[in-house]
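Residue numbers run from 1 in the order of the sequence given.
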Amino acid sequence: MAGGGKLGDRDAVGIDILEEIGFERDSFVPYKPASSLPTGYLKRLELARCLALRPEIIFCDEVFSGLSMSEIASMVPLIEKLQMSGITLVMIEHRLRELFRVTQRIMVLSFGEKLIEGHPDQVMEDERVKEAYLGSQKVLDFI
């Protein structure tokens with residue numbers, strides 16, 4: 001990237017990346033301090049910072065956490081777009097319904113040990129996963 005002053009080449013590239021991940025170019029939002037942005041925009045800003053480095057892989061920790069349903073709905077196509085561009089995403093996530101919409105492969109850990117790895121449908125049918133995340137039948141009967 002070439003140098004440039006205020007609103008020079010670097011700024012233009014930055015705005016292009018922000019627009020790519022859902023900031024509106026002509027709005028005031030890309031020009032606000034990050035500390036004043038709501039959670040949904042902060043999550044997008046984190047992705048923009050990664051994209052500026054042109055990565056092959058991005059590790060995402062709880063990308064859906066703290067987002068409203070409408071923010072999640074707008075984040076899912078963004079994640080799919082990143083995947084289609086060839087970027088590998090490794091996601092640590094507890095919001096399984098949303099995670100299953102954007103993943104082809106799941107690895108489930110319990111207390112640092114791998115329980116299973118595979119297609120989301122296969123993983124959710126595994127008894128070890130049910131036991132670890134839903135509890136024993138005695139617990140389920142109690143609830």
Side-chain angles (χ1 to χ4, degrees), residues 1 4 6-143:
M1 287 183 250
K6 188 77 172 157
L7 297 178
D9 294 340
R10 289 184 192 154
D11 292 328
V13 169
I15 295 295
D16 289 344
I17 292 171
L18 289 173
E19 184 177 44
E20 184 180 328
I21 56 96
F23 282 72
E24 299 82 22
R25 178 182 291 272
D26 296 329
S27 78
F28 64 91
V29 177
Y31 303 97
K32 291 182 77 171
S35 62
S36 68
L37 296 175
T39 303
Y41 279 108
L42 287 174
K43 299 278 185 164
R44 290 176 181 279
L45 184 59
E46 290 174 18
L47 286 174
R49 291 175 61 199
C50 291
L51 292 175
L53 298 172
R54 299 186 178 144
E56 293 178 18
I57 186 169
I58 298 174
F59 288 83
C60 300
D61 186 18
E62 302 285 350
V63 74
F64 298 124
S65 178
L67 299 182
S68 68
M69 292 310 291
S70 63
E71 289 171 324
I72 290 171
S74 70
M75 194 67 110
V76 167
L78 173 59
I79 290 170
E80 291 171 336
K81 181 180 171 184
L82 294 174
Q83 291 169 327
M84 288 188 300
S85 74
I87 296 173
T88 299
L89 294 168
V90 176
M91 299 175 68
I92 299 165
E93 186 60 63
H94 289 91
R95 297 195 59 156
L96 299 182
R97 179 172 292 144
E98 292 82 5
L99 180 65
F100 285 9
R101 291 176 55 195
V102 296
T103 188
Q104 299 82 36
R105 189 154 194 79
I106 301 267
M107 179 188 300
V108 176
L109 302 175
S110 179
F111 296 103
E113 254 183 69
K114 182 169 104 172
L115 295 181
I116 187 171
E117 182 177 354
H119 188 272
D121 293 335
Q122 170 194 6
V123 167
M124 287 310 294
E125 291 302 317
D126 188 273
E127 291 303 320
R128 295 168 297 174
V129 172
K130 290 178 183 177
E131 178 76 22
Y133 288 92
L134 299 176
S136 68
Q137 188 60 45
K138 290 178 185 176
V139 171
L140 291 175
D141 288 342
F142 180 74
I143 296 173

#### Entry: Minimum side-chain heavy-atom gap C60-L47 below 4.5 Å
yes
### Message
Using every non-hydrogen atom in the two residues, find where L18 and A48 come nearest and quote the distance to one decimal.
### Response
CD2-CB, 3.8 Å
### Message
For the CG atom of D16 and the CG atom of L51, what is their distance to the nearest 0.5 Å?
### Response
12.0 Å
### Query
Side-chain contact, heavy-atom cut-off 4.5 Å: V123 with L115?
no
#### Entry: Side-chain heavy atoms of K43 within contact of M75, under 4.5 Å
yes
Identify each donor-acceptor pair in which a side-chain atom of residues 100-109 lies under 3.5 Å from a protein atom, sequence neighbours left out, and give them as a table.
residue : atom : partner : partner atom : Å
T103    : OG1  : R105    : N            : 3.3
T103    : OG1  : R105    : O            : 2.8
R105    : NE   : E117    : OE2          : 3.3

### Rounded distance (nearest 0.5 Å) linking atom CG of D126 with atom CD1 of I116
3.5 Å
### Task
Tell me, with the steps shown, if L37 and R44 meet side-chain contact (heavy atoms from CB on, under 4.5 Å).
CA-CA 10 Å; L37 296 175; R44 290 176 181 279; over 6 Å; no
### V63 backbone acceptor or donor facing E93 side chain under 3.5 Å
yes
### Query
Is the closest side-chain heavy-atom distance between M91 and I79 below 4.5 Å?
yes
### Message
Tell me the closest heavy-atom pair linking L45 and A34, and the distance in Å.
### Response
CD2-CB, 3.6 Å
### Task
Starting at CD1 of I58, measure out to CD of E46 and round the result to the nearest 0.5 Å.
11.0 Å
### Task
With rounding to the nearest 0.5 Å, note down the distance linking CZ in F64 to NE2 in H94.
14.0 Å
### Query
About how many Å separate OG of S35 and CG of L42, when rounded to the nearest 0.5 Å?
9.0 Å
### Message
Working note: S110 + R128, criterion side chain to side chain donor-acceptor pair (under 3.5 Å); need CA distance, chi angles, decisive distance, verdict.
### Response
CA-CA 9 Å; S110 179; R128 295 168 297 174; over 6 Å; no
#### Entry: Side-chain ion pair, E127 and K130, N-O less than 4.0 Å
yes
### Query
Does the side chain of E98 come within less than 4.5 Å of M69's, by heavy atoms?
yes
### Task
Side-chain contact test, heavy atoms from C-beta onward, threshold under 4.5 Å: evaluate it for F59 versus I92 and give yes or no.
no
